[in-house]
Every structure is written in structure tokens, then in C-alpha cells.
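Model, not experiment: these values are computed from the prediction. Heavy atoms only: backbone and side chains are in, while hydrogens, waters and symmetry mates are out.
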Amino acid sequence: MSQHPLNRTRNFGFIAHIDAGKTTVTERFLYYTHRTHKMGQIDEGTTIMDYLPDEKKRGITITSAAAMVFWNDYRLNIIDTPGHVDFTIEVERSLRVLDGAVVIFCARGGVEPQSETVWRQANRYNVPRIAFINKMDRAGANFFHCINMMKSRLNCKPVPIQIPIGKEDVFEGAIDLISMKALYNSPDNQGEKIIVKNIPDDMLEEAENHREFMIEQLAEYNDDIFEKFVHSQPVSKEEIVKTIRKATIGNNIIAVLCGAALRNKGIQPLIDAVVSYLPSPLDVPPVEGINMDGGKIVRKTSQNEPFCALVFKIITDKDSRLVFIRIYSGTLSKGQFVTIANSGAKEKAARIFYMHANKKERVDKAYAGEIVAVTGLKSAATGDTLCDTESDPLLLEKILCPEPVISLAIEPKSRADEEKLLEYLQKIVQDDPTFSFKIDPDTGQKIISGMGELHLEIVINHLKEAFNINVSTGRPQVVYRETITQPVLHEEIFDKIIAEKQLFAAVTIALEPQERDSGYSYQNNLKNADTIPLTIQDWVKQGIDESMHTGVISGYPVTDLKIKLIDIKFNENDYTELAFKAAANLAFSNAMKKASPKLLEPIMKIEVIVPEQYTGPVIGDINARGGQIHEIVFYMEDEPQNIGANVPKCIHALSPLSMLFGYSTTLRSLTEGRGTFNMAFSHFGNIS
């Protein structure tokens with residue numbers, strides 16, 4: 001397949017809170033672009049993008065899935081991402097390589113907790129966005145309330161380019177404020193045909209007011225529109241579309257559309273908006289990396305540049321290993337050798353595929369600006385940079401991966417599966433950078449760690465379904481950190497005879513507690529540093545760095561402290577690495593014991609949404625779990641009389657993770673199944 005024109009290519013993804021309708025919207029995209037011939041339904045387990053058994057069973061997206069479709073000679077590379085907080089890495093690594101995003105909001109829920117999380121992730125990578133307010137047919141739907149929530153919670157500038165015709169069970173379609181026409185989907189043939197009509201008389205004045213507001217917002221980004229707006233002159237459709245595109249790519253505005261994906265309403269105009277307003281690979285800045293000497297290198301999106309790509313996702317099963325890459329420059333051919341810049345390894349890209357969820361379309365060559373999957377790269381990991389073997393290697397910005405916050409002990413039910421379990425756990429680690437495992441040196445237990453209970457449950461199911469390994473599990477264990485509470489100065493002397501050789505080293509260090517989330521810092525405060533060999537100084541630092549992984553209370557990693565190297569004593573005629581590393585390790589351990597060490601636990605930020613009548617029992621339960629209430633607000637941020645009786649409340653709180661195991665079951669019991677909650681890691685610390 002030859003290269004599709006880059007200016008007619010869109011790499012984008014759907015991001016949203018769980019259950020906002022991402023997968024439903026994606027399935028409509030596939031159907032209306034004729035990639036599929038039947039719309040997949042989540043409730044029936046027939047969706048193309050949610051293809052894993054756990055996804056079909058639970059009705060949620062667990063892993064991001066890619067698909068390629070064509071619309072009016074534009075190629076759209078789509079990534080459908082999960083909305084559950086446990087799988088936030090799927091959003092993170094997708095946004096790292098995408099040029100744009102469609103943010104989907106529920107018309108009733110508006111900006112929900114995970115909506116804010118994915119928004120911040122998109123901000124981190126400066127990804128241009130448009131918004132789609134879905135579920136306009138749902139009871140309680142309120143388009144303009146969602147707009148206000150976007151302003152207040154996301155600190156952005158939403159500009160409606162559509163307004164809904166009706167809402168809830170009388171939602172009919174949308175008014176396009178650019179063409180000033182009413183758009184309806186045909187009731188038959190699954191809404192494939194768009195019916196264009198004049199705006200209903202009773203909505204004409206409202207539509208004109210919103211169009212005027214839209215043009216007023218766009219006038220800031222186009223001098224010609226500004227002049228016409230000031231002098232009340234008409235503005236053409238072409239001027240509006242061009243300016244919306246410019247302001248969207250510049251991350252100045254968020255164009256907002258509406259619809260009801262489950263009822264097949266509003267999807268085709270959204271596809272048009274993706275084409276019209278989201279950037280092509282040529283519209284985003286050239287990718288920047290650093291060479292081995294730390295110098296900056298810029299690679300333009302062109303097949304004439306040296307090959308450069310980023311590994312952003314890996315999928316492994318018993319039979320294959322698919323490495324997903326975004327190509328930023330150059331080309332990649334089947335059988336071509338590439339350099340993994342992070343390790344220096346050279347490997348062959350055996351085969352190249354365009355992905356359609358779990359279906360593969362083999363191609364012989366891939367080009368700059370494309371997202372493809374590759375086999376044959378055995379040692380590549382998420383975040384690695386791939387380069388041409390003939391050019392100087394460079395490193396692209398890696399993908400930010402949150403730390404695991406919950407652990408579980410597992411053992412294979414069959415002794416014959418012992419080696420297989422370790423092998424496949426290592427494969428899962430390569431696939432999912434938020435998952436880790438270790439073997440406890442004291443107990444020999446295999447400990448897996450992840451982002452939440454659901455995350456680890458999915459991993460265990462994957463071991464059974466993909467690798468045919470059944471495991472037994474222990475109660476989830478929290479991953480703690482250790483720190484100190486007071487400063488201390490300590491000298492450690494290591495003086496022993498080992499293998500008939502006298503080993504001597506003396507190290508003096510000072511420990512100081514630091515603010516929470518400050519991490520660990522090391523300072524070389526040697527007054528006579530120029531008289532001490534750099535090799536010895538490096539050995540001492542290495543010994544201290546290694547000691548940071550194991551605290552003195554329960555062996556957890558150490559954080560939030562500053563270490564100062566004060567003095568080193570040594571025998572000038574005979575010194576060894578072993579002596580100085582041992583002295584540094586003992587100095588750190590014994591100094592920590594004198595510095596009043598304590599455990600830090602993972603503190604979770606939770607948002608609990610409950611009908612007002614249940615707020616008392618829920619607040620009482622949070623307090624009983626050692627939580628701390630920060631604020632209680634109306635969930636819809638509106639006047640109670642405008643929503644009706646029993647206004648939902650949103651409780652914002654902090655709680656230790658150790659007290660939240662099984663909380664979803666308790667919450668359902670306290671609220672007769674009507675309460676929902678969302679949690680995300682906040683920090684390591686203490687509530688009080």
C-alpha cells in the first residue's frame with residue numbers, strides 16, 4: 001500500500017470517563033465508514049473494539065484498541081481507550097502518540113472524575129481536542145450544563161458549534177451553527193442518512209444567539225472575522241471552519257458537538273468535525289529527541305528523514321508479540337533491521353500490520369505519520385525509541401507511568417506451572433508498565449502489583465485464559481514507603497578481614513526529612529573531595545542508592561529524605577569496592593534507625609456520588625475508614641430546584657488505600673446500589 005497523503009490523515013483517540021460512550025461512538029464510526037457491516041453492541045458483547053473476554057463479560061474497555069477507517073478520502077487512525085482509572089496507562093500511552101482527541105462527556109454526568117484525569121493527560125502532551133456531548137437522549141441530559149462544567153472544572157474554552165434539538169426522550173437532532181441548518185438522522189437504516197432541514201421556528205432566535213456567540217469567540221483568532229463581527233457583516237462558512245481548525249490545533253478552543261450514539265444520532269457530523277478540525281501529522285510540531293551526548297535532534301514528519309518511531313504498546317500472547325509503534329519520520333519496510341536506542345540492540349521488523357482491533361492487515365511498508373504494529377522486536381519495551389541502524393540513534397521522550405499501589409500474593413495451583421508463571425508474568429510486565437512482580441526474598445512468595453483490585457483481577461484472568469495457568473491468591477497487600485521524621489548524623493566504620501584480606505572503609509552521612517512527595521536527593525558535601533578518588537565517591541553513592549530500595553521497618557522503598565555525604569576515610573594503599581559499598585549500606589541503614597523511621601501509606605483521592613438521602617451513612621463510613629472529607633457539592637453543580645428532588649451529591653475525600661478494599665460492595669449496600677465512586681492515587685503519606 002502506498003503512503004496516504006499526510007494532510008488527509010488523522011491520528012486521534014476517544015477519551016472519557018467510564019460509561020460515557022467511547023466504545024459505542026467508535027462502533028458507529030466503524031459502521032458509517034463501512035469498516036464493519038453491523039453495529040456492535042456492548043450489552044450483547046458484539047463490539048469490535050472490546051474484543052477481550054473480560055471486556056465482553058464486564059461491558060467495559062480494558063485495553064486500548066486501534067482501527068483504521070476511510071471517510072471522504074481521509075484516513076482516520078482511531079484508538080479507543082479505557083475509562084476506568086485502573087487502566088489509565090492505556091490513555092497515557094495513547095495520548096503520547098496521537099495528534100488529536102475526541103473527548104466524550106455524558107450529557108447527564110458532564111465532567112466526571114475520570115474526565116478530569118484524561119483531560120490533564122491530554123494537557124501534558126498538548127493534544128488538540130474537540131468535545132462530543134453524548135447521551136442527549138438520557139434522563140437528566142443538559143447540554144449547556146455540561147458546557148458550564150467544562151469551563152469551571154477543566155479551565156478550558158468550550159465553543160458550541162451545534163446545539164441540541166430537544167433533550168431526553170424528545171431529543172431529535174442538532175442545529176449546525178455554522179451552516180444554520182437542522183440535522184436529523186433517518187429513523188430507518190440505522191441512521192445512515194443525514195436529513196438537512198430548516199431550523200424549527202421556535203429555536204431560530206436561540207440558534208442565532210449561539211451562532212453570534214460562536215463568531216464572537218472566533219473573532220479573537222481571525223482579524224477578518226473580528227472586523228465583520230464588529231460591523232455586523234456576514235461571516236462565511238469557509239472562514240468559520242478555517243478559524244475553528246486554527247484555534248483547535250492551537251489548543252485555544254474546544255469545539256463542542258452533541259448526539260446520542262446508542263440511538264445513532266449525531267455521529268456523521270462528528271466524523272466530519274474530526275476531519276475538519278483535528279490536526280494532521282503535518283500540523284503538529286516536529287518530534288524532538290536527544291542524541292547520546294544529550295544534544296537536541298528534530299525530526300520532521302517526512303519519509304525523506306531517517307527512520308524514527310516510538311514503541312507505545314505491546315500485546316503478548318502464547319503465540320506472538322505485537323509491538324505498536326508511531327512512526328515520526330522515515331519509513332519502515334518488512335524485514336528491515338532497526339536499532340532500539342534505549343538498549344542499543346538491533347532487531348528485525350519481521351512483519352508490519354495495520355490493526356483493526358484484534359484483526360491484522362499485513363503491509364510491506366509503513367510511513368512517517370502512521371501507527372502500525374510490528375512483530376520480531378523481542379526486546380523492545382513500552383517507551384523505547386526505534387531508529388534507523390544507519391543513522392545516529394536518538395531518544396524520544398518516554399511515556400509517564402504511574403507507580404503500582406496495590407499488591408497480591410499469587411502461587412500456581414500446579415507445580416508444573418511454576419516456570420511458566422514466571423515466564424508469562426515477565427511478558428505481562430513488558431506489556432503493561434503499571435504492573436510489576438517480585439519474589440519476596442524472605443518468604444519466597446510471588447508478589448504482583450498494579451493500579452487497583454480490578455487491574456490485578458484482570459491480570460489473573462489473563463493468565464488463565466491466554467496462558468492456561470490457574471493461580472491461587474492471597475489477600476491484597478498495600479505497597480508502602482518508608483521515610484524518616486528527624487535529622488541525624490551518623491558515622492559507620494567497616495573494618496573486617498575477609499578471605500585473609502583487611503577491608504576498611506569509614507563513611508559519615510547526614511539524613512534530613514523532606515516534604516511529602518519530594519522523593520530522594522543526594523548531596524556530596526565532602527570538604528576534602530579533591531583528595532578522595534572519584535571511584536571511591538561513586539562506590540559510596542552506589543551503595544546508598546542501592547540501600548534506598550529497602551527500608552529498615554518492613555523493607556519498603558525509602559522516600560522523602562535528603563542524604564548528605566559528609567566524610568570518607570580510607571586506607572590509601574589498599575581499598576576495595578566491597579568495603580565502601582558495605583560501609584555506605586550500613587551507614588544508611590543504621591542512620592535510618594536513629595532517625596525515627598515511619599511508614600507512609602498510599603493515600604487515594606476518592607469521589608463518591610450518591611443520592612442526597614444517603615450522604616450521612618456514606619460520610620460516616622468514610623470517616624470510619626480513616627478518611628478525610630474535603631468537600632461535598634451538588635453533583636450537577638446546579639440549583640436543587642432545577643434538578644428535582646433528591647439531588648445527587650459528590651463527596652470529595654482522601655482515604656488510605658488499605659481501608660478501601662471491598663469498598664464498592666459496602667457502598668452498594670449503603671446506597672441500595674445507587675452510589676458510585678472513583679478513586680485515583682494521590683500521594684504517599686498519612687491522612688492526619
Option from Ile327, Leu98, Thr9 for which side-chain contact (heavy atoms from CB on, under 4.5 Å) with Ile371 holds:
Leu98
Euclidean distance, Ser547 OG relative to Ile563 CD1, rounded to 0.5 Å:
8.0 Å
Working to the nearest 0.5 Å, report the span between CD1 of Ile89 and OG1 of Thr81.
12.0 Å
By the definition side chain to side chain donor-acceptor pair (under 3.5 Å), identify the one residue from Glu90, Glu92, Arg93 that meets it with Ser64.
Glu90
Side-chain (Arg96) to main-chain (Gly383) donor-acceptor, under 3.5 angstrom:
no
Examine distances only and state if a side-chain atom of Ser414 and a backbone atom of Ala416 form a donor-acceptor pair shorter than 3.5 Å.
yes
Do Arg35 side-chain atoms and Met68 backbone N/O form a donor-acceptor pair below 3.5 Å?
yes
Does Lys22 pair with Asp80 as a salt bridge, N-O distance under 4.0 Å?
no
Donor-acceptor side-chain pairing of Lys562 and Ser518 below 3.5 angstrom:
no
Looking only at atom types and distance, does a side-chain atom of Asp417 sit under 3.5 Å from a main-chain N or O of Leu421, one as donor and one as acceptor?
no
Return yes if some donor-acceptor pair links the side-chain N/O of Asn251 with the main-chain N/O of Asn126 below 3.5 Å, else return no.
yes
Ignoring hydrogens and geometry beyond distance, is a side-chain donor-acceptor pair present between Thr23 and Thr61 at under 3.5 Å?
yes
Under a 3.5 Å distance rule, please check whether Arg245 uses its side chain to pair with a backbone N or O of Leu278 as donor and acceptor.
yes
Taking only Lys NZ, Arg NE, NH1 and NH2, and the carboxylate oxygens of Asp or Glu, determine whether Asp545 and Lys541 approach each other closer than 4.0 Å.
yes
For the pair Glu347 and Lys378, find out whether any cationic side-chain nitrogen is under 4.0 Å from an anionic carboxylate oxygen.
no
For a side chain to side chain contact (heavy atoms under 4.5 Å, CB included) check, start with the C-alpha distance between Phe435 and Leu425, then their side-chain angles and the critical distance, and finish with the verdict.
CA-CA 9 Å; Phe435 173 80; Leu425 283 176; 3.9 Å; yes
Carboxylate-amine/guanidinium proximity below 4.0 Å for Lys420 and Glu423:
no
Option among His4, Arg326, Arg75 that satisfies the side chain to side chain donor-acceptor pair (under 3.5 Å) test with Glu370:
Arg75
Keeping Gln430 on the side-chain end and Thr316 on the backbone end, is there a donor-acceptor pair under 3.5 Å?
no
State, yes or no, whether a side-chain contact exists between Phe87 and Thr434 at a heavy-atom distance under 4.5 Å.
no
Do the side chain of Gln537 and the main chain of Ile568 share a donor and acceptor less than 3.5 angstrom apart?
no
Among Thr63, Ile325, Leu322, side-chain contact (heavy atoms from CB on, under 4.5 Å) partner for Lys313:
Thr63
Check Ile249 against Tyr277 and note the closest heavy-atom contact, atom names and distance.
CG1-O, 3.8 Å
For the pair Arg481 and Asp560, find out whether any cationic side-chain nitrogen is under 4.0 Å from an anionic carboxylate oxygen.
no
Which word best sums up how the rings of Phe29 and Phe14 line up, parallel for under 30°, tilted for 30 to 60°, or perpendicular for over 60°?
perpendicular
Between Leu95 and Ala101 the two heavy atoms that sit nearest each other are CD2-CB, 4.3 Å
Take Ser280 and Asp283 through the test side chain to side chain donor-acceptor pair (under 3.5 Å) and record every step on the way to the result.
CA-CA 5 Å; Ser280 75; Asp283 295 317; 3.1 Å; yes
